[in-house]
Amino acid sequence: MKYNIAVIPGDGIGPEVIEQAKKVLNAVSYVYDHTFIYTEGLMGACAIDKTGNPLPEKTLEICKESDAILFGAIGDPKYDNDPSAKVRPEQGLLRLRKELGLFCNVRPVKAYEQLIDKSPLKKEIIDGTDISIFRELTGGIYFGIKELSDDGQSAFDGCSYSVEEIERISHLAFQEAQKRRKKLTLVDKANVLETSRLWRKTVTELAKTYPDVALDFLFVDNAAMQIILNPRQFDVILTENLFGDIISDEASVIGGSIGLLASASVGKENALFEPIHGSYPQAKGKGIANPLASILSVAMLLNHLGLIEESKAVEKAAEKSLELRVTTVDINSEKPFSTSLVGDFISDYIQNQNDTNLNFQNIHLGQSTII
Ligand code: IPM
Ligand code: MG
């Protein structure tokens, strides 16, 4: 089959990790006889530098016409340290999410057996963790009215949600729970926020149509604690935009590195796949960025396209790289591999899946060939 993939490398380490993701997609196209047609677009600080606009219209068009979007990272310290900047890289991503209606952000968090000792959390606490975070992505405080008073002495960010916005992501979260361990936890702040009370009421109502799923509720402050105290209690977590942003970074600690967390942002017409780690500008160009989150995002992309076997092959190859410790410095300080070598290994492995005679020696010599 032929698929149009919009590729947005973005800022910082984005281009390096996206290059590895493309290597992996190319390996999949070779083995499974698909054609992926890549069209690149600019977004973020690099787009501001070239066009003055964090999301040029051309990029938006490319994305709209694609079967799936592969995105790297966004952000640059020169904007982070300038609160008065009117145009910011992140506006590009937020506008893209909104324009394409990518309301449902899925962030899987897993304690990988091979990395269990890398997490700063105790092994016995995180062992067996497998959580799917459903974060609402196009509403809430991210998209509310923003104001700064004329004298600069006060500011305002509004948060609003409609029943419709809550329902559409909740349906998807319930359906995911049905396929998993049949538990859904709504994370909110219903003891304080009106929007959270609407979430609780709406989700409780909807739960009646999913009687096989056990629904419970946690306030976000308690959830933040429970995620590191007893992460195994969670199956699917459903939450609003800002809470989801925060707890998904927190939960990434369970996996041993934020460099492993992939995500899918899905709407009715389009879908975007990206690592959650951000642009990590300090690492840009050094070849040390972990490409696994981007590669696992490719697995989610393939899954979205209905290419289930292909998606599993990518996951398996990524897990193999963890098992054989063909990994970057964030999870392998003793004998780290470069970003590019990890990408080479994973794409080679996909092309030689049935080869049991892995030449581990060669790999460790820095040659990615599997014999
Ligand atoms: C994320 C990021 C973004 C967000 C930023 C870059 C706007 O942190 O995808 O989690 O806050 O949604
Ligand atoms: Mg974030």
Side-chain angles (χ1 to χ4, degrees), residues 8-15 17-18 21 42-48 54-55 59 63 69-83 85-109 131-144 146 157 159 161 165 169 187 220 223-224 227 237-255 257-267 270-284 289-290 293-294 296-297 300-301:
I8 307 178
D11 302 324
I13 58 168
V17 292
I18 286 302
L42 286 171
M43 184 167 81
C46 58
I48 301 177
L55 177 63
T59 305
C63 290
I69 306 156
L70 188 59
F71 166 57
I74 209 160
D76 189 296
K78 80 178 175 210
Y79 298 95
D80 296 344
N81 303 330
D82 177 10
K86 286 269 175 303
V87 183
R88 316 183 72 83
E90 289 79 3
Q91 290 164 346
L93 179 60
L94 297 178
R95 192 174 150 231
L96 184 67
R97 288 174 179 169
K98 195 73 176 175
E99 292 270 350
L100 300 182
L102 306 175
F103 63 87
C104 178
N105 182 231
V106 184
R107 299 186 163 184
V109 177
I131 309 173
S132 189
I133 300 176
F134 274 60
R135 167 189 174 193
E136 201 289 328
L137 204 59
T138 51
I141 200 163
Y142 270 61
F143 293 95
K146 298 183 191 310
D157 285 291
C159 179
Y161 268 109
E165 284 174 312
I169 183 168
V187 169
V220 62
I227 281 172
I237 291 179
L238 168 64
T239 191
E240 59 103 80
N241 206 343
L242 180 61
F243 298 159
D245 180 45
I246 297 167
I247 64 166
S248 57
D249 267 29
E250 186 200 8
S252 76
V253 178
I254 295 168
S257 167
I258 196 166
L260 287 176
L261 246 72
S263 80
S265 304
V266 182
N270 296 97
L272 175 144
F273 301 84
E274 61 168 313
I276 82 154
H277 52 53
S279 62
Y280 191 15
Q282 304 83 340
K284 182 181 173 176
N290 191 341
S294 293
L296 291 169
S297 299
M300 295 184 90
L301 181 153

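Counting starts at 1 for both ligands and their atoms, following the listed order.
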Review point. Can you check whether R97 reaches N105 side chain to side chain, under 4.5 Å on heavy atoms?
Key: no

**Study point:** D245: its N/O/S atom lying closest to the Mg ion (ligand 2) (atom name)
**Key:** OD1

Review point. What is the closest protein heavy atom to atom 4 (C) of ligand 1, and at what distance does it sit?
Key: Y142 OH, 3.4 Å

Practice item. Determine whether more than 12 heavy atoms belonging to other residues, nucleotides or ligands lie under 6.0 Å from atom OH of Y280. Key: no

Review point. How far is atom 10 (O) of ligand 1 from its nearest protein heavy atom, and which residue and atom name does that atom have?
Key: D245 OD1, 2.8 Å

Check your understanding: Within a radius of less than 6.0 Å around NZ of K284, do more than 12 heavy atoms belonging to other residues, nucleotides or ligands occur?
Key -> no

Check your understanding: Any luck finding a side-chain donor-acceptor pair between T138 and E136 under 3.5 Å?
Key -> yes

Review point. Do V220 and I246 come within less than 4.5 Å of each other through their side chains, counting heavy atoms only?
Key: no

**Study point:** Interfacing atoms of ligand 1 (cut-off 4.0 Å, heavy-atom, R135)
**Key:** 1 (C), 4 (C), 9 (O), 10 (O), 11 (O), 12 (O)

Check your understanding: Looking at R107, which atoms of ligand 1 are within less than 4.0 Å of one of its heavy atoms?
Key -> 1 (C), 9 (O), 10 (O)

Study note, to complete from the structure: Under 4.0 Å from one or more heavy atoms of I74, ligand 1 contributes atoms 6 (C)

Review point. Do L42 and I8 have side chains that get closer than 4.5 Å, going by heavy atoms?
Key: no

Study note, to complete from the structure: The protein heavy atom nearest to atom 7 (C) of ligand 1 is E90 CG, 3.8 Å

**Study point:** Nitrogen or oxygen atoms of R97 and ligand 1 under 3.5 Å apart
**Key:** yes

